[in-house]
Amino acid sequence: MIVNTAAYHFVSIADAEALSAQLLERARAGALRGTILVSAEGLNLFLAGSGEGIDSFYRQLHADPRFSAMRVKYSHSRMQPFARLKAKVKQEIIRFGREDAQPLEHARAPAVDPRTLQRWLRQGHDDAGKPVVMLDTRNEQEIAHGTFAGALTLPIVKFTDLPEALAPHRSALADATVVSFCTGGIRCEKAALWMRNDGMANVLQLDGGILGYFEAVGGEGYDGRCFVFDERVALDAQLQPLVDRDEATCAA
């Protein structure tokens, strides 16, 4: 079985080019494939390979004090979902282009954990009795595969479209608790930070995103699958891929 991982961490990185080269070589040594994104604001990883290769890579990464608290999300498949390994240095580990959404310059937006959110969705309101509105920060392609039941979805193609697409809905959200969510947490973290800095004090982020929710509580309250940007296409609530053919079968 192939071990698939997704991880990100916002932390100041002064040596982005050097770190990118180092992580690329480390991933090559473990025969991993996927994407390594490094910027001055942190690290974003999508890597897959053998259990031994994955364990070695993240054991070394967690030994670096900058990344000791980095959370890694795991799933499994028969096939290797990435065609190759690449490492890039970017201005942002997820492009948003908003000065008021810089995690290293502002305190992290408050988060709700999956089990609390599950309870809120069951009871139909948060602990203060306010209605809960799930806000999907992903694009239309992703949403087509699934989203939380009744979520507010927006007609966006890329993450930078979010502020303009959200504008017509802001007044209607004023009396609700808004929970920003995305695939693994990185976009909803930036989105929640931007919204709170832009006057929406009623916004929380779903800690760990959809994949973290599936991992912790399953798919209760979620309709469909979660799109992922690799050859598995999408994962169900048990983190099983929509497409999963091992290389030996494909070669036969």
Side-chain angles (χ1 to χ4, degrees), residues 4-11 34-35 37 41-48 58 67 69-76 81 92-96 101 103 108-121 132-154 156 158-162 166 177-196 203-230 232-242:
N4 306 283
T5 65
Y8 78 92
H9 193 60
F10 288 113
V11 65
T35 303
L37 299 178
E41 71 174 7
L43 188 59
N44 191 12
L45 303 170
F46 300 94
L47 293 170
Y58 284 104
F67 307 111
M70 172 182 267
R71 178 183 175 186
V72 183
K73 301 178 191 69
Y74 296 89
S75 61
H76 297 82
E92 298 178 85
I93 53 175
I94 183 69
R95 191 168 78 86
F96 196 33
R108 188 175 191 256
V112 58
D113 66 88
R115 295 193 182 281
T116 298
L117 178 62
Q118 179 190 44
R119 177 166 53 80
W120 287 357
L121 295 177
V132 175
V133 175
M134 301 299 296
L135 172 61
D136 202 326
T137 65
R138 301 172 303 154
N139 65 42
E140 292 177 303
Q141 177 189 11
E142 298 169 87
I143 292 167
H145 286 270
T147 189
F148 279 96
L152 172 58
T153 60
L154 303 172
I156 65 176
K158 53 187 184 299
F159 187 40
T160 52
D161 297 336
L162 178 68
L166 181 63
T177 292
V178 179
V179 178
S180 167
F181 70 93
C182 60
T183 305
I186 186 170
R187 281 175 289 180
C188 47
E189 180 160 349
K190 280 203 170 188
L193 182 57
W194 162 69
M195 285 185 278
R196 291 185 70 90
V203 176
L204 306 174
Q205 59 184 303
L206 173 56
D207 202 20
I210 299 166
L211 297 182
Y213 186 86
F214 284 176
E215 192 174 53
V217 303
E220 184 175 347
Y222 191 93
D223 290 335
R225 296 173 179 264
C226 179
F227 180 86
V228 290
F229 291 92
D230 59 57
R232 294 170 296 166
V233 182
L235 305 182
D236 66 16
Q238 289 72 49
L239 300 175
Q240 296 302 304
L242 177 64

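- A distance of 7.0 Å separates CD1 in I143 from CG in L154, rounded to the nearest 0.5 Å.
- What you find for F227 and E142 is that their closest heavy atoms are CD2-CG, 3.5 Å.
- The two residues N139 and Q141 make their nearest non-hydrogen contact at OD1-N, 3.0 Å.
- Evaluation of the salt bridge (charged side-chain N to carboxylate O under 4.0 Å, His left out) test over residues 111-121, restricted to residues two or more places apart or in two chains, returns R119-D127.
- Inter-residue side-chain proximity for V233 and R225 is flagged as unmet; no heavy-atom pair is nearer than 4.5 Å.
- For the pair V112 and W120, the tightest heavy-atom approach, listed with the atom from each and the gap, is CG2-CZ3, 3.8 Å.
- In this structure, the side chains of I186 and F159 stay at 4.5 Å or more apart for every pair of heavy atoms.
- With hydrogens and angles ignored, the 3.5 Å screen pairs no side-chain donor or acceptor of E92 with any backbone N or O of E41.
- Between G185 and C182, the shortest heavy-atom contact is N-SG, 3.2 Å.
- With sequence neighbours left out, the salt bridge (Lys or Arg N to Asp or Glu O under 4.0 Å) criterion links D161 to K158.
- By the salt bridge (Lys or Arg N to Asp or Glu O under 4.0 Å) test, R196 is found to be paired with no residue, residues two or more places apart in sequence or in another chain being considered.
- Checking each of T153, T147, L117 against M134 for a side chain to side chain contact (heavy atoms under 4.5 Å, CB included) leaves exactly one that passes, namely L117.
- With values rounded to the nearest 0.5 angstrom, R138 atom CZ is found 5.5 Å from T183 atom OG1.
- How far CD of Q238 is from NE2 of H76: 15.0 Å, rounded to the nearest 0.5 Å.
- Scanning both residues, L193 and A109, for their nearest heavy atoms gives N-CB, 3.9 Å.
- Judged by distance alone, the side chain of K190 and the main-chain N or O of F96 form no donor-acceptor pair under 3.5 Å.
- No side-chain donor-acceptor contact under 3.5 Å links T5 to the backbone of Y74.
- Partner of Y8 under the side-chain hydrogen bond (donor to acceptor under 3.5 Å, both in side chains) criterion, out of R187, E189, K73: E189 alone.
- Listed by first then second residue, pairs satisfying salt bridge (charged side-chain N to carboxylate O under 4.0 Å, His left out) with a partner in residues 205-222 read R71-E215, R108-D207, R122-E220, not counting sequence neighbours.
- Taking the side chain as every heavy atom from C-beta outward, V11 and L43 never approach each other to under 4.5 Å.
- Partners of N4 under the side-chain hydrogen bond (donor to acceptor under 3.5 Å, both in side chains) rule, at least two apart in sequence or in another chain, are S77.
- Looking at D136 and F148, their side chains never come closer than 4.5 Å, going by heavy atoms from C-beta outward.
- Side-chain contact between M195 and L135: present, with at least one pair of heavy atoms (C-beta onward) separated by less than 4.5 Å.
- At distances below 3.5 Å, not a single donor-acceptor pair connects side-chain atoms of T35 with backbone N or O atoms of F46.
- Annotation: ring pair (Phe, Tyr, Trp, His ring centres under 6.0 Å) contacts of Y58 (sequence neighbours excluded): none.
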Checklist entry - Does the pair F10 and I93 meet the rule for a side chain to side chain contact (heavy atoms under 4.5 Å, CB included), with working shown? => result CA-CA 9 Å; F10 288 113; I93 53 175; 3.6 Å; yes

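- Contact between P81 and A48 at its shortest, heavy atoms only, is CD-CB, 3.9 Å.
- The distance from atom CH2 of W194 to atom OG1 of T137, rounded to the nearest 0.5 Å, is 11.0 Å.
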